[in-house]
Amino acid sequence: MVPGVLLVLIAAMVAVPIMAIQIAAPLGPVTSVKDFDDLKVPSEWADQALFHRPIIDTMHRQWPSIDIVEYDSATAPGYHAFMATVLRATSGPYDADDRANIAPVLVLNVAFGLALVGVVYAFAARLAGPWPAFVLCLPVATSKYILGATAFLTTDNLAWLLVAIALGLAAFSRARPRSLLAAGLVATVSVGVRQIMVWSAGPAVLAGVLASPLARFAPKGLVDRPEHPSWRPLLFSSIGFAFAIGLLSIFALLWGGLVPQASEFVRIHAAGPNLATPAFALALCGACGFFYLPLVWDELKRVAARPLSDAPAMLAILLGLVCAIAVRTSATIDQPRDTQLWKSRAYGWLWEIVRRTPDVAERSVVIALAAPAGAMGLLLLWRAAKRAGRGNEALILLVALVGFVSAQTMNTMAWQRYFEPIVLIVLAWLGALVWRATTENAAHLRRRLIWVCPALLAALLLGLSTLLLVVPMVRHATA
């Protein structure tokens, strides 16, 4: 209990002061991103002031007849409609001359972010114990993208909170029918917040398949077959999945597509798939997964002992390399945006590293190295989990990551804010699956590194959060 509370407090130490500064020192009138560039405040404040707050105010004015078809957002209307309802309850009818106090929705938004950290920790603690879960989840509690979405009004953290609940229930409920149905229903609610989260209903179905007689048809060695197979988990998980697909279908019919047609974001978010997404996702897994390397050191040594005869390891490396060199992966932040060929590969510390390092034929050297490492790292974590008797849980998490990448590829924008939360959550949970088995036989130095390395990643992420979130807000408050 104490480690979980401490983890949430670490996140709150960054998010709550930022929220308080917004309330105490609000911005004057702003009409464009350039205004925020001139003010040098976090980009999340620009998103809040230019996009999310106006939509919430519009729905507050419309309440209870909220328009969920024509509104200026690329996401489903659940977050904005819910926040508008909160404003209605706390401030009464909309008054154009005296807009509702933003404090209640800011506080609620902070609660979503802190709850996300708490949920990720709670599932990890069930697997690895309280203090190991604390260390493994520290990067989640210090990520700039999670903290920024906690302190400012964005749809991100409510969606990720629902996804974390759905994925945790799917992977760690031991395929109980009610839990898998609940996972699907929670995933359905996440679709109402961000329609791209429909992939989160899939892991529960996979959990149902792995608990059913269908598991015997899986390739030998891939899954742990159930002792008492049953169709009930698959049936209940399929019901939840059907609800999620049904809600997405309703939105698609209302909008005439997968994005609200009234949105100015249709052009940038629905201008065709971004094929650099798989490579970037694997590269981020490689960059962050490096700090979890001590957990899979034994598996890495096994590969190193017979590299050419380890076909799965070679295929993982080849997959990462092909993803990285088959399409453009260089940064686009300095390129013109007026053509359909421009697919955003920008915004985030990894993209900034890519921008500052060499590329060959618009293929980033950094991503060409990190993507194969990420693919190999995920394979090693799955092998370590399987050796620890947790192979099915790890497989569900990895398939969930594949589902996310598949859905995210259809978004033209490959911004790091979309990737980092799920990568850090999956790495923390995979680490929790293998922690006990790995640390039991680890040498003293390796055991220390297992504890220190995730904390080091968290320290680096906290430094970025301080530099990019806290410092600008303090500067604004004291200007």
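Everything numeric in this text was worked out from a predicted model, so none of it was measured.
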Under 3.5 Å, side chain of [X] to main-chain N/O of [Y], donor-acceptor pair present?
| X | Y | value |
| --- | --- | --- |
| His60 | Gly92 | yes |
| Thr357 | Val354 | yes |
| Tyr94 | Met59 | no |
| Gln195 | Ala74 | yes |
| Asn274 | Ser344 | yes |
| His476 | Ala25 | yes |
| Arg345 | Ser330 | yes |

Test of understanding: with ring pair (Phe, Tyr, Trp, His ring centres under 6.0 Å), list the residues that count as partners of [X], not counting sequence neighbours.
| X | answer |
| --- | --- |
| Trp349 | none |
| Phe112 | none |
| Phe419 | Phe280, Phe404 |
| Trp63 | none |

Could you work out, with side-chain hydrogen bond (donor to acceptor under 3.5 Å, both in side chains) as the rule, every residue matching [X], not counting sequence neighbours?
| X | answer |
| --- | --- |
| Tyr79 | Asn109 |
| Asp57 | Arg53, Arg99 |
| Ser73 | Thr75 |

Is there a side-chain contact between [X] and [Y] (heavy atoms, below 4.5 Å)?
| X | Y | result |
| --- | --- | --- |
| Val120 | Trp429 | yes |
| Leu457 | Cys288 | yes |
| Leu430 | Leu378 | yes |
| Val189 | Leu185 | no |

Sequence neighbours excluded, the answer for salt bridge (charged side-chain N to carboxylate O under 4.0 Å, His left out) partners of Glu352 is Arg355, Arg356
If you look only at distance, which donor and acceptor atoms sit under 3.5 Å apart when one is on a side chain in residues 196-205 and the other is two or more places apart or in another chain?
from	atom 1	to	atom 2	distance (Å)
Ser200	OG	Ser190	OG	3.4
Ser200	OG	Met197	O	2.7

Could you pull out every donor-acceptor pair under 3.5 Å between side chains of residues 151-168 and any protein atom, sequence neighbours left out?
from	atom 1	to	atom 2	distance (Å)
Thr154	OG1	Asp156	N	3.4
Thr154	OG1	Asp156	OD1	3.2
Thr155	OG1	Arg194	NH1	2.6
Asp156	OD1	Arg417	NH2	2.7
Asp156	OD2	Arg417	NE	3.3
Asp156	OD2	Arg417	NH2	3.0
Asn157	ND2	Ile146	O	3.0
Asn157	ND2	Thr150	OG1	2.7

Quick note, salt bridge (Lys or Arg N to Asp or Glu O under 4.0 Å) partners involving residues 448-459, not counting sequence neighbours, are none
I need the full list of side chain to side chain donor-acceptor pair (under 3.5 Å) pairs touching residues 393-404, with sequence neighbours left out, sorted by first then second residue. Arg390-Glu393
How are the rings of Trp255 and Phe251 set to each other: parallel, tilted or perpendicular (split at 30° and 60°)? parallel
